[in-house]
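To start, the structure itself, in structure tokens.
Below, chain A is the first sequence line, B the second, and so on; all start at residue 1.
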Number of protein chains: 2
Amino acid sequence: MSKIRIFLVDDHQLVRDGIKALLISSDDLIILGEASSGKECFEKIAIEPPDVLILDISLPDTNGIEITKRVSVDYPQTRVLILSMYTNEDFIFNSVKAGARGYLPKNTSREELLSAIHAIYNGDEFFSDSISRIMLKSYVRKAKEDDLLPQRGPIPLTTREIEILKLFAEGYINKEISDQLDISIRTVETHKNHIMKKLELKSTVELIKYAIRNKIVEL
Amino acid sequence: MSKIRIFLVDDHQLVRDGIKALLISSDDLIILGEASSGKECFEKIAIEPPDVLILDISLPDTNGIEITKRVSVDYPQTRVLILSMYTNEDFIFNSVKAGARGYLPKNTSREELLSAIHAIYNGDEFFSDSISRIMLKSYVRKAKEDDLLPQRGPIPLTTREIEILKLFAEGYINKEISDQLDISIRTVETHKNHIMKKLELKSTVELIKYAIRNKIVEL
DNA sequence: GTGGGTTATAAGTGAAATACGTAAGTTATA
DNA sequence: TATAACTTACGTATTTCACTTATAACCCAC
């Protein structure tokens, strides 16, 4: 069985040495190399891309998220594990968005670090309990926002009006709407006028935006 | 110390009995009552709202999510714990969105159920490991989509064209745009035609949606 | 430095679409 | 049953669309 090849990026010598010390005794891992800056990191991994890249967020010349983005594109076989003292949701979200497969706080244990390395090496994601909690909080927050933003009050339109608005906001012109609903084009226009009046909208552009905001149509 | 008052909603007698059997021996809890439908549930909790409402998703006359919504508004002091055999992300998301404080699969253990009850009674959220994993997967997926959706490729428009599109998508009609930019209305029309041709858009509605998707204007 | 591509400007023209005020017939519902 | 709300419709004025043509400015390459 081949060993998991690790590359370490952290701007503190002591931290790198600490991580190495934690990993050295695991005989299914091998430390391929290390770097203290983004520049050094890219120079070295170009020679031999590792299986797992352990990244700090804050670095002298760049940050772990930028490195993650580039690595995800240029070395898709390399999986990124973020190891950071920063645990705020923005960093986590942006790391994941950039393509990180795992995120650990710096006060993690040796066992957790090893679990994380193995998990992401096997194609899974790994987030420590504390990071998971932060992500779940964010999930809950976003789920609730999902309800608050889109509609400030019920839609005060009739069934027919919503029907017209939906078709219009889907891109049909009045003639097509009148054909589909088998009514006069004038009626379609009137309905649209009523909608605009009711909602106090001044242009068809606002009408379309209203339809999107209120999920009458997809964007 | 007062006991945590529980109310059970599930359309299967056997399930309700099972849950009661699991909880009966905990002397810091008391089963206030139970219901097998939404209607019955609302009738009974109106008399004495519980601290924790344990809800099934599927019910004969409604569903747990609708009940959650109403309870969250009408009885804010009552916390909802969803206990469902359905573990797909949509149900979880919508439950949380509706105001549920916890979500457990039906194959949960007595210990986990008790932990969940105590957690949400204390104002925390509680999701079982399996549910948490589903939520985290979704978090990761959404984080990645966050980058993919907004732009599939760079905007192939000139500065002037973007300027025209921006004003149009803000709701100005051609005449107003021509006045603001101090150009002929024919020029505005020509620009708009060019934009439509370039982007292969068939209606002004699509034009507006394009502008929103590509963040040329706010929704 | 001349030709070619891109951009920004403008116009003609007929057809198509829309805006807006008005109004009649139909349901709900109080 | 009276009133409000909803759906339907038209006339006229305005606006936009679709397609074509045209000119000046600019940049870039050969």
Side-chain angles (χ1 to χ4, degrees), chain A residues 150-219, chain B residues 39 151-219:
Chain A
Q151 64 197 61
R152 344 61 156 75
I155 298 169
L157 300 178
T158 67
T159 321
R160 196 57 153 176
E161 284 167 346
I162 290 175
E163 205 174 358
I164 303 273
L165 175 54
K166 181 166 189 292
L167 290 168
F168 175 67
E170 274 169 358
Y172 296 103
I173 58 174
N174 291 354
K175 180 69 177 53
E176 292 169 327
I177 298 172
S178 78
D179 284 348
Q180 278 193 50
L181 300 182
D182 204 34
I183 53 177
S184 156
I185 190 168
R186 312 317 202 85
T187 308
V188 176
E189 288 164 8
T190 307
H191 279 305
K192 222 151 69 172
N193 279 335
H194 287 165
I195 298 169
M196 307 266 286
K197 282 255 169 65
K198 270 192 195 172
L199 302 175
E200 295 177 75
L201 303 179
K202 285 176 296 299
S203 65
T204 55
V205 173
E206 287 182 74
L207 194 57
I208 294 165
K209 291 182 182 176
Y210 177 89
I212 295 169
R213 271 197 229 105
N214 291 279
K215 308 202 171 177
I216 292 166
V217 288
E218 289 293 306
L219 177 52
Chain B
K39 187 168 173 292
Q151 64 195 56
R152 354 49 161 74
I155 298 168
L157 301 178
T158 67
T159 320
R160 197 55 155 178
E161 282 167 348
I162 290 175
E163 203 174 358
I164 303 274
L165 175 54
K166 182 167 190 293
L167 289 169
F168 176 66
E170 275 170 359
Y172 296 102
I173 61 174
N174 290 355
K175 181 68 176 55
E176 291 169 330
I177 297 173
S178 78
D179 284 348
Q180 275 193 52
L181 300 181
D182 205 32
I183 55 178
S184 159
I185 191 167
R186 318 312 301 280
T187 309
V188 176
E189 287 172 6
T190 307
H191 280 303
K192 221 153 71 174
N193 277 333
H194 286 163
I195 297 169
M196 305 270 284
K197 279 256 168 67
K198 269 192 196 172
L199 302 175
E200 297 176 70
L201 302 179
K202 286 175 295 300
S203 65
T204 54
V205 173
E206 289 183 73
L207 195 57
I208 293 164
K209 289 182 181 176
Y210 177 90
I212 295 168
R213 271 196 227 105
N214 290 278
K215 308 199 175 181
I216 291 165
V217 289
E218 289 296 308
L219 179 53

Bounds of contact between DNA chain C and chain A, in 5' to 3' order, using a heavy-atom cut-off under 4.0 Å:
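Both ends considered, the range comes out as C:dA17 to C:dG21.
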Counting primed atoms plus P, OP1 and OP2 as sugar-phosphate and everything else as base, spell out the protein contacts along nucleotides 10-23 of chain D at 4.0 Å heavy-atom distance: B, S or - for each nucleotide, 5' to 3'.
BBB---SSB-----
Looking at [X] and [Y], what are the two nearest heavy atoms and their distance?
| X | Y | value |
| --- | --- | --- |
| B:V205 | A:A169 | CG1-O, 3.3 Å |
| A:F168 | A:T204 | CZ-CB, 4.0 Å |
| B:I212 | A:I212 | CD1-CD1, 4.0 Å |

Just to verify, what does B:K39 make a side-chain hydrogen bond (donor to acceptor under 3.5 Å, both in side chains) with, not counting sequence neighbours?
B:E43
Holding to side-chain hydrogen bond (donor to acceptor under 3.5 Å, both in side chains), I want the full list of residues that pass it with A:N193, two or more places apart in sequence or in another chain.
none
So side-chain hydrogen bond (donor to acceptor under 3.5 Å, both in side chains) across residues 160-174 of chain B, not counting sequence neighbours, yields B:T158-B:E161, B:R160-B:E163, B:E161-B:K198, B:K166-B:E170, B:N174-B:K192
Please evaluate residues A:I164 and A:L157 with respect to the criterion side chain to side chain contact (heavy atoms under 4.5 Å, CB included), reporting the C-alpha separation (whole Å), side-chain torsions for both, the decisive distance (0.1 Å), and the verdict.
CA-CA 10 Å; A:I164 303 273; A:L157 300 178; over 6 Å; no
So, does A:E176 use its side chain to make a donor-acceptor pair with the main chain of A:I173 at under 3.5 Å?
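Checking the backbone N and O of A:I173 against the side chain of A:E176, a donor-acceptor pair under 3.5 Å is found.
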Integer-rounded Å distance: D:dT7 P and A:I162 CD1
10 Å
In what stems does DNA chain D take part, counting only runs of at least 3 consecutive Watson-Crick or G-U pairs whose two distances fall under 3.5 Å?
C:1-30 with D:1-30
Please evaluate residues A:I195 and A:Y210 with respect to the criterion side chain to side chain contact (heavy atoms under 4.5 Å, CB included), reporting the C-alpha separation (whole Å), side-chain torsions for both, the decisive distance (0.1 Å), and the verdict.
CA-CA 11 Å; A:I195 298 169; A:Y210 177 89; 5.9 Å; no
Just do the side chain to side chain contact (heavy atoms under 4.5 Å, CB included) check on B:L181 and B:L167 with the steps written out, would you?
CA-CA 10 Å; B:L181 300 181; B:L167 289 169; 3.9 Å; yes
